[in-house]
Amino acid sequence: MDSKKLEEITARLREMRLPVMANQIVTMYEASELNDVIKVLDIITQEELMSRKNNTADRYRKSAHLSQGYAELSGIDYSPERKINERVIEQLSTGTYIDKARNVVIVGACGTGKSYIANALASAACRKLHRTMYCRMFELISDIKHMEMPRLKRRYVSPDVLVIDDFANTRMSEDDALQIFKVMEYRYGFKTTIIASQLEPAEWHNNFGASQLADSILDRIVSNAYKIILSGDSLRPKKLED
């Protein structure tokens, strides 16, 4: 009987919060009472754990409120004119950037697929069991204006991954910039933020008021971020023709 296989089974049981069952199996193994039952247990525990993880991932995807729930990293269009660095996407697909609390900045003109990639990254994060939240910039600003700090932290600070679409596309008031700073300050170094914007960070600076506060916001987003620049024409007319 394979003791390594037994360790894998008991580890799964403990991950599923079934410690008594795990301990009983170890006891039976040591008493040579399991025989070929170990093979059955291996299959059952694998299936049960996978089912639980899939259910959790589905729940996270629903609660993330993605704007393009169908988006997948495997569906990204790598046409030469888009100039997407495939190696960056491959690296992001591993999810290690989330474990390291690094950000992602996606920049491109209207219709070039920024939101699709942002949603695809968010969907992949949910499958890796990271709590994820998607919002558009105007929704975020409108929401947090009158939000008490405890609720703000629960909704926009606590998710492992926060996606902000249409980021800093227009000029904001000083108060709006301050609210964005609060979110970025609490998340910086602890959580991952994915930004999708039509504008380069230098232009965000102007829209945040070109002040020290703007410097602080950009530093907390860009300093540790992967950057994806999208080129080419809008994909929307192409999809309509198809």
Side-chain angles (χ1 to χ4, degrees), residues 1-76 87-104 117-135 150-163 183 186-194 224-226:
M1 193 174 296
D2 190 345
S3 60
K4 184 177 180 181
K5 184 65 67 177
L6 179 68
E7 290 176 4
E8 293 174 355
I9 292 170
T10 54
R12 290 185 207 118
L13 288 170
R14 290 191 173 96
E15 185 175 349
M16 291 185 285
R17 298 181 180 180
L18 298 171
V20 175
M21 187 180 292
N23 293 338
Q24 184 61 36
I25 288 173
V26 171
T27 300
M28 293 175 69
Y29 171 76
E30 292 172 347
S32 301
E33 296 176 358
L34 287 180
N35 298 324
D36 291 338
V37 175
I38 197 77
K39 297 178 182 178
V40 177
L41 289 172
D42 185 35
I43 295 171
I44 291 173
T45 55
Q46 283 191 57
E47 292 297 322
E48 178 64 24
L49 183 58
M50 183 61 68
S51 175
R52 292 189 182 199
K53 287 185 174 181
N54 287 339
N55 289 338
T56 300
D58 289 342
R59 189 169 68 252
Y60 284 179
R61 281 168 59 89
K62 289 178 182 178
S63 64
H65 302 294
L66 304 181
S67 65
Q68 300 180 34
Y70 56 85
E72 298 289 347
L73 294 177
S74 60
I76 293 176
R87 292 184 64 183
V88 171
I89 301 296
E90 288 174 5
Q91 191 169 358
L92 293 174
S93 70
T94 67
T96 55
Y97 75 103
I98 302 173
D99 300 326
K100 297 177 181 178
R102 294 190 61 181
N103 299 329
V104 180
I117 294 177
N119 276 265
L121 288 171
S123 182
C126 291
R127 277 198 299 276
K128 292 185 181 296
L129 307 186
H130 292 292
R131 293 183 182 275
T132 303
M133 173 74 177
Y134 171 94
C135 65
R151 184 162 173 258
L152 183 148
K153 286 185 176 181
R154 285 196 304 273
R155 185 167 177 81
Y156 293 111
V157 178
S158 64
D160 302 318
V161 177
L162 174 65
V163 180
V183 174
Y186 282 119
R187 294 187 61 81
Y188 180 68
F190 297 98
K191 306 287 185 176
T192 290
T193 304
I194 299 174
N224 70 347
Y226 289 89

Partners passing side chain to side chain contact (heavy atoms under 4.5 Å, CB included) against Tyr186 (at least two apart in sequence or in another chain): Met149, Lys153, Val157
Minimal non-hydrogen separation, Leu66 against Ala122, with atom names: CD2-CB, 3.6 Å
Which residues share a salt bridge (Lys or Arg N to Asp or Glu O under 4.0 Å) with Arg127, sequence neighbours left out: Glu72
For Arg12, salt bridge (Lys or Arg N to Asp or Glu O under 4.0 Å) partners two or more places apart: Glu8, Asp42
SG on Cys126 to CG on Leu121, rounded to 0.5 Å: 11.0 Å
Which residues share a side chain to side chain contact (heavy atoms under 4.5 Å, CB included) with Lys128, sequence neighbours left out: His130
Set of residues satisfying salt bridge (Lys or Arg N to Asp or Glu O under 4.0 Å) with respect to Arg154, sequence neighbours excluded: none
Nearest heavy atoms of His65 and Ser63, plus distance in Å: CD2-O, 3.1 Å
Sequence-distant partners of Thr56, side chain to side chain contact (heavy atoms under 4.5 Å, CB included), two or more places apart: Arg59, Tyr60, Leu129
Spacing of CD1 belonging to Ile98 relative to CG belonging to Leu92, to within rounding of 0.5 Å: 9.0 Å
Asn224 side chain to Gly189 backbone, donor-acceptor under 3.5 Å: no
Under the side chain to side chain donor-acceptor pair (under 3.5 Å) test, residues paired with Asp58 that sit two or more places apart: none
Residues that Arg14 engages under side chain to side chain donor-acceptor pair (under 3.5 Å), provided they are two or more places apart: Asn23
Set of residues satisfying side chain to side chain donor-acceptor pair (under 3.5 Å) with respect to Ser67, sequence neighbours excluded: Asn119, Tyr134
Nearest heavy-atom neighbours spanning Arg52 and Met16: NH1-O, 3.0 Å
4.5 Å side-chain heavy-atom contact, Asp160 and Thr192: no
Within-4.5 Å side-chain heavy-atom neighbours: Leu162 and Val183: yes
Side chain to side chain donor-acceptor pair (under 3.5 Å) involving Ser93 - partner list, sequence neighbours excluded: none
Backbone of Ser158 reached by a side-chain donor or acceptor of Lys191 within 3.5 Å: yes
Atom CZ of Arg102: over 12 foreign heavy atoms under 6.0 Å: yes
Contact summary for Phe190 and Ala101, nearest pair of heavy atoms: C-CB, 3.6 Å
By salt bridge (Lys or Arg N to Asp or Glu O under 4.0 Å) - contacts of Glu15 (at least two apart): Lys53
Value rounded to 0.5 Å, distance of CD1 in Ile117 from CD in Gln68: 10.5 Å
